[in-house]
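A quick write-up on the structure given underneath.
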Amino acid sequence: MASLSRSALLPQCTSCIRRVARHNLDGRAPQQQIRSISKAAKEAKRNIVVKLLKDVPRYGRAGSYVPLNPATMRNRWFPARVADYVPFQQLKLLKAQEVDMQRDTTYGVRVALEEVDEEEDVLTPRRPYVRPIEIEVLSPERSMELLDTFVPPSIDFSRQRIEAQENKPRYGASGAADVLTAAAMGANTERSSNAIYGSVSTADIAATLKAALAHNDEAARVILNEADVRFVTNTEDGDAQRVKELGVFKIEIQLPGAAEPLLRNVRVKAKDMDA
């Protein structure tokens, strides 16, 4: 009879059996308390112990062992030689000796209301130090000696000659125009025979001289500017900066501080003469 009364109390349909089973499981499930880990705790768990190679404000003196974020160590402190990694065996020995490996947040504080900026003091200067290149400047006398040695007596340039135009009759032109044209062409006959396209300037000469000096290590250190070169003879209208015709011209090279200038010839030739 007991078995029959117990079976009569059990649920008979499928939905009742499912409901009773869910109720029993929910009643027997233990209540679990979920605790969230704070951000500081997560960061402390992730930190590694490093050895300081420099005095770092708010961390400690050089030689101290402090915890540090692995990313900061990898990207900033280790490349800047601020701290070094601690091997596992050494770290195990330090723990056995109960060495203090905590960060000293009071180290390097200047005043109560003003603290040292750890990023600026640790990594300053951010840019790597580059030692300036020290070049021994040659004396003016030595520079002139090198110019006299490596610059040939004559410097050649090639330019295209301007061909003289033939006097062709102009039909329909007035008599006065013909007279003016003939006078102008007669006055410029000598010049047009040697005229060139463009010019040869002191800048061209300075560039050629620098190219000649570049083949020697000491001569390449000679400081030569366009203002140190000028034409002294056979120039048109007394222009000391450029010539606009064929011929041989004398130039003067005078470096600042030199006692006497260096004289050389510049020969401007027609291009068809070089063939």
Side-chain angles (χ1 to χ4, degrees), residues 2-3 6-7 9-11 13-139 214 217-218 220-221 223:
S3 60
R6 190 181 299 108
S7 61
L9 295 177
L10 295 176
C13 64
T14 307
S15 61
C16 295
I17 295 175
R18 189 180 300 112
R19 183 171 63 254
V20 172
R22 187 182 301 109
H23 177 72
N24 293 335
L25 291 177
D26 294 342
R28 295 178 182 178
Q31 298 294 330
Q32 295 182 358
Q33 184 178 3
I34 301 175
R35 297 180 180 180
S36 60
I37 302 177
S38 63
K39 182 178 180 181
K42 291 181 179 179
E43 184 177 357
K45 186 177 180 180
R46 186 172 60 250
N47 288 344
I48 60 174
V49 177
V50 299
K51 181 180 180 180
L52 296 180
L53 302 179
K54 300 179 181 178
D55 294 343
V56 183
R58 302 199 305 189
Y59 279 87
R61 296 181 179 274
S64 303
Y65 296 91
V66 296
L68 186 67
N69 186 282
T72 303
M73 179 62 178
R74 180 178 60 254
N75 299 329
R76 309 191 70 173
W77 284 36
F78 184 74
R81 302 304 300 160
V82 177
D84 198 1
Y85 289 96
V86 179
F88 176 76
Q89 296 296 336
Q90 183 179 357
L91 180 60
K92 186 177 180 180
L93 180 61
L94 293 174
K95 291 182 178 180
Q97 297 175 355
E98 297 183 355
V99 177
D100 185 14
M101 292 181 287
Q102 298 298 324
R103 170 181 173 181
D104 186 3
T105 57
T106 61
Y107 176 75
V109 178
R110 294 176 180 172
V111 292
L113 299 179
E114 180 182 357
E115 296 183 356
V116 178
D117 191 340
E118 61 186 68
E119 296 295 338
E120 292 184 0
D121 285 3
V122 172
L123 301 178
T124 302
R126 295 179 181 274
R127 297 181 180 178
Y129 174 74
V130 179
R131 175 174 294 180
I133 300 176
E134 299 178 359
I135 301 177
E136 183 181 357
V137 180
L138 298 176
S139 63
D217 294 339
E218 185 182 12
R221 294 160 49 195
I223 301 176

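- Here the closest non-hydrogen pair linking Met101 and Pro67 is O-CD, 3.2 Å.
- Taken from CD in Glu98 to CG in Asp100, the straight-line distance is 11.0 Å, to the nearest 0.5 Å.
- Taking the side chain as every heavy atom from C-beta outward, Arg61 and Leu52 never approach each other to under 4.5 Å.
- For the pair Tyr85/Arg74, a side-chain contact is recorded, criterion being any heavy-atom separation below 4.5 Å from C-beta on.
- When the shell of 6.0 Å around CD1 of Ile223 is examined, it contains 12 or fewer heavy atoms from other residues, nucleotides or ligands.
- Between Val50 and Leu68, the shortest heavy-atom contact is CG2-CB, 4.0 Å.
- In terms of heavy-atom proximity, Ala220 sits nearest to Ala214 at CB-CA, 4.1 Å.
- In this structure the side chain of Val82 never reaches within 4.5 angstrom of the side chain of Arg76, judged on heavy atoms.
- Once rounded to the nearest 0.5 Å, the distance linking NZ of Lys54 with CZ of Arg81 reads 9.0 Å.
- Scanning both residues, Met73 and Asp84, for their nearest heavy atoms gives CE-C, 3.5 Å.
- Closest of all the heavy-atom pairs between Ala71 and Asn69 is N-OD1, 2.8 Å.
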